[in-house]
Amino acid sequence: MPDAELSVIDEVEATISTGSAEKRLETIKRVTDLFVSSAGSFNHEQIDLFGDLLERLIKTIEIRAIADVSARIALAEMSIQLAPVGQAPSSVVRRLAMNDEITIAGPVLTESARLSMEDLVEIAETKGEQHLLAVSGRWWLKEVITDALLARRYPSVSRRLVSNPGARVSAAGFAIVVAQAESDPELATETGIRVDLPSELRRQLLRNATEAVRSRLLSRAPPHLFEEIRSVIAAVAAGANREMSNVRDFTAARRLVALLKKNGELNEAALSGFARQRKYEETVAALAELSHSTIEIIRPLMQSLRDDGVLVPCKAAELSWETVSAVLESRFATGSMAPHELAKVRSQFAGMTTEDARRLLKFWQVRSSPSPSRAN
């Protein structure tokens, strides 16, 4: 064994045995500097030796680092130095990566090639959001790792992964991302332009996206995806037209609702059932009856591009939000409102009083009734 190595071993042994806290920090920096400066010329045996020395030194200050800024800085600096070194001792890198302090773990999590796939999956499954964000920024990630990261369902992690061209994502992983993207326009945009996004999931994403997101996707789509995205948007627009464009006959619906009322079976549950099955005529007729209004009042509200008008008869009928949301979505032939749109409408509904809704509904009825002069 060369004299230089023996000297380092002796120094580490003395530092661990009798050295002060400051001496240990000084030694850990010196040994790290020595290793990094010559790592390319070390053989496996020498790398293992330095790994053992560094790991022993780390153990002496890890607990102290929880409360001691200087110890945390020393470990963070070691992590920064070792992260780009291809010969860094894997045991040391793994120990740094597992540290709960992100300033210590972050550099090796983001950059070190010495972490195995198993290490990264374990970290993805057990550590917090900041650690997962660091892993998500690695230049190359296999599906098994991104699956573990996405399973934790941190929106920030999902955004970083879909923005990382080196992150491979499985169909199951993309399914999680697409579900999250319904309420996250930034994520929806970044996901929609991924070339490896399965076509069916791209269609699902575009079906649930707002017009703003669809426009953004078209403006950012790479040439080879532009036509696919444009075609899907056109198909979605055609398939999700509101029911207002159809000619409606309410005769059968009127009879059914009248019969339910006569039998004492016309209630919120009946309306909810019609709405969830997207039985448009029955939904309109039942809502008109429960709100003490008319089909002639309710149908224009259901046809309107605004959502707030429908809330008035729903509040007048004292419906629960679950039924209201079903009524809102029954206006569409296919598809559904985005979660953030429903949240906005729900806030409006909560701020409306039953008395005000009934007063407004009565005003609409009076206004829509023919005046005596027009009736004659």
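Below, all heavy atoms of this structure are taken into account, side chains as well, without hydrogens, waters or symmetry copies.
Here the side chain of Ser79 pairs no donor or acceptor atom with the backbone of Leu96 at under 3.5 angstrom. Side chain of Glu182 to backbone of Ala209: no donor-acceptor contact under 3.5 angstrom is found. Counting only distance, with no hydrogens or angles, the side chain of Arg358 and the backbone of Ala316 share a donor-acceptor pair below 3.5 Å. For the pair Asp68 (side chain) and Ser70 (backbone), a donor-acceptor distance under 3.5 Å is present. Between the side chain of Thr191 and the backbone N or O of Ala188, no donor-acceptor pair lies under 3.5 Å. Proximity of a side-chain donor or acceptor of Arg278 to a complementary backbone N or O of Ser330 within less than 3.5 Å is not detected. No donor-acceptor pair closer than 3.5 Å links the side chain of Lys315 to the backbone N or O of Ala357. In this structure, Arg346 contributes its side chain and Trp321 its backbone to no donor-acceptor pair below 3.5 Å. Looking at Ser219, its side chain does come within 3.5 Å of a backbone N or O of Arg216 through a donor-acceptor pair. Judged by distance alone, the side chain of Ser347 and the main-chain N or O of Lys344 form no donor-acceptor pair under 3.5 Å.
One distance of note links CZ of Phe174 with CD of Glu143; it measures 9.5 Å at 0.5 Å rounding. Here the CD1-CD distance, from Ile295 to Glu289, works out to 9.0 Å after rounding to the nearest 0.5 Å. The line from CG of Leu54 to OG of Ser91 is 8.5 Å long, rounded to the nearest 0.5 Å. Interatomic distance, CG of Leu197 versus CZ of Arg202, reported as 4.5 Å (0.5 Å rounding). To the nearest 0.5 Å, atoms CG (Leu149) and OG (Ser158) are separated by 9.0 Å. Between the CG atom in Leu25 and the CE atom in Met78 there is a gap of 10.0 Å [rounded to 0.5 Å].
In this structure, Lys127 and Leu109 have side chains that are not in contact, with every pair of non-hydrogen atoms separated by 4.5 Å or more. Annotation: side chain of Arg72 is not in contact with side chain of Leu75 (no heavy-atom distance under 4.5 Å). When side chains are defined from C-beta on, Val327 counts as touching Met302, because their heavy atoms get closer than 4.5 Å. At a threshold of 4.5 Å between non-hydrogen side-chain atoms, the residues Gln180 and Arg159 do not count as touching. Taking 4.5 Å as the limit, every side-chain heavy atom of Thr323 sits out of range of all side-chain heavy atoms of Cys314. Using a 4.5 Å cut-off on side-chain heavy atoms (C-beta onward), Asn164 and Ser136 make no contact. You'll find the side chain of Val31 reaches within 4.5 Å of the side chain of Thr27, heavy atoms only. You'll find the side chain of Leu133 stays beyond 4.5 Å of the side chain of Tyr154, heavy atoms only.
With ring centers used as reference points, Tyr280 lies 6.0 Å or more from Phe274.
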_Is there a side-chain hydrogen bond (donor to acceptor under 3.5 Å, both in side chains) between Thr32 and Gln81? Walk through the geometry before answering._
CA-CA 8 Å; Thr32 303; Gln81 286 182 277; 4.9 Å; no
_Working for side chain to side chain contact (heavy atoms under 4.5 Å, CB included), residues Leu217 and Leu205_ = CA-CA 11 Å; Leu217 276 169; Leu205 183 148; 4.0 Å; yes
*Would you sort out whether Arg220 and Glu190 count as a salt bridge (charged side-chain N to carboxylate O under 4.0 Å, His left out), showing the intermediate values?*
CA-CA 9 Å; Arg220 292 190 53 192; Glu190 294 297 333; 2.8 Å; yes
*asked:* Under the criterion salt bridge (charged side-chain N to carboxylate O under 4.0 Å, His left out), I'd like the reasoning laid out for Glu22 against Lys29: C-alpha separation, chi angles, the key distance, then a yes or no.
replied: CA-CA 11 Å; Glu22 289 70 23; Lys29 177 171 175 50; over 6 Å; no
*For Thr353 and Asp356, run side chain to side chain contact (heavy atoms under 4.5 Å, CB included): C-alpha distance rounded to whole Å, both residues' side-chain angles, the deciding distance at 0.1 Å, then the answer.*
CA-CA 5 Å; Thr353 67; Asp356 286 344; 3.1 Å; yes
*Run the side-chain hydrogen bond (donor to acceptor under 3.5 Å, both in side chains) check on Glu322 and Ser272 step by step: do they pass?*
CA-CA 8 Å; Glu322 288 70 23; Ser272 179; over 6 Å; no
*asked:* One pair to check against side chain to side chain contact (heavy atoms under 4.5 Å, CB included): Glu129 and Leu132. What are the steps and the verdict?
replied: CA-CA 5 Å; Glu129 182 177 4; Leu132 271 61; 5.7 Å; no
*Under the side-chain hydrogen bond (donor to acceptor under 3.5 Å, both in side chains) criterion, do Gln348 and Asp308 qualify, and how do the steps go?*
CA-CA 7 Å; Gln348 293 176 308; Asp308 49 2; 4.6 Å; no
*I would like to know whether Lys142 and Thr146 meet side chain to side chain contact (heavy atoms under 4.5 Å, CB included); could you show each step before the answer?*
CA-CA 6 Å; Lys142 293 184 177 181; Thr146 59; over 6 Å; no
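Salt bridge status for Arg203 with Glu200: present, with a side-chain N to carboxylate O gap under 4.0 Å. Salt bridge annotation for Glu55-Arg94: absent, with no cationic side-chain nitrogen under 4.0 angstrom from a carboxylate oxygen. The pair Arg138-Glu111 does not count as a salt bridge, with every side-chain nitrogen at least 4.0 angstrom from each carboxylate oxygen. In this structure, Glu62 pairs ionically with Arg95, as a charged nitrogen and a carboxylate oxygen lie closer than 4.0 Å. Salt bridge absent: Arg114 and Asp119 never bring a charged side-chain N and a carboxylate O closer than 4.0 Å. Ion pairing between Glu355 and Lys362 fails under the 4.0 Å rule for side-chain N and carboxylate O.
The cluster map of Ile, Leu, Val, Met, Phe, Trp and Tyr, joined by side-chain heavy atoms under 4.5 Å apart, puts Ile58 and Ile63 in different clusters. Put simply, Val85 and Trp139 are part of two different groups of oily side chains (I, L, V, M, F, W, Y) that touch within less than 4.5 Å, one to the next. Grouping the Ile, Leu, Val, Met, Phe, Trp and Tyr side chains by contacts below 4.5 angstrom, directly or via other members, places Ile28 apart from Ile73. Leu141 and Met117 fall within a single hydrophobic cluster, where Ile, Leu, Val, Met, Phe, Trp and Tyr side chains are chained together by heavy-atom contacts under 4.5 Å. Residues Val92 and Ile80 do not share a hydrophobic cluster, clusters being chains of Ile/Leu/Val/Met/Phe/Trp/Tyr side chains in contact below 4.5 Å.
Around the CZ atom of Arg152, the shell of radius 6.0 Å holds more than 12 heavy atoms that belong to other residues, nucleotides or ligands. Taking a 6.0 Å sphere around CZ of Arg30, one finds it holds 12 or fewer heavy atoms contributed by other residues, nucleotides or ligands. Environment of NE2 in His224: crowded, with over 12 heavy atoms of neighbouring residues, nucleotides or ligands closer than 6.0 Å.
Across Ala76 and Ile104, no two heavy atoms sit closer than the pair N-CG1, 4.0 Å. Between Val108 and Leu115 the shortest heavy-atom distance is O-CD1, 3.5 Å. The two residues Ala285 and Val257 have their closest heavy-atom pair at CB-CG2, 3.6 Å. Ala270 and Asn267 make their closest contact through N-OD1, 2.9 Å (heavy atoms, listed as atom of the first residue, atom of the second, distance).
Side-chain atoms of Gln365 and Thr294 include no donor-acceptor pair closer than 3.5 Å.
Using cut-offs of 30° and 60° on the angle between ring planes, the pair Phe35 and Phe50 is tilted.
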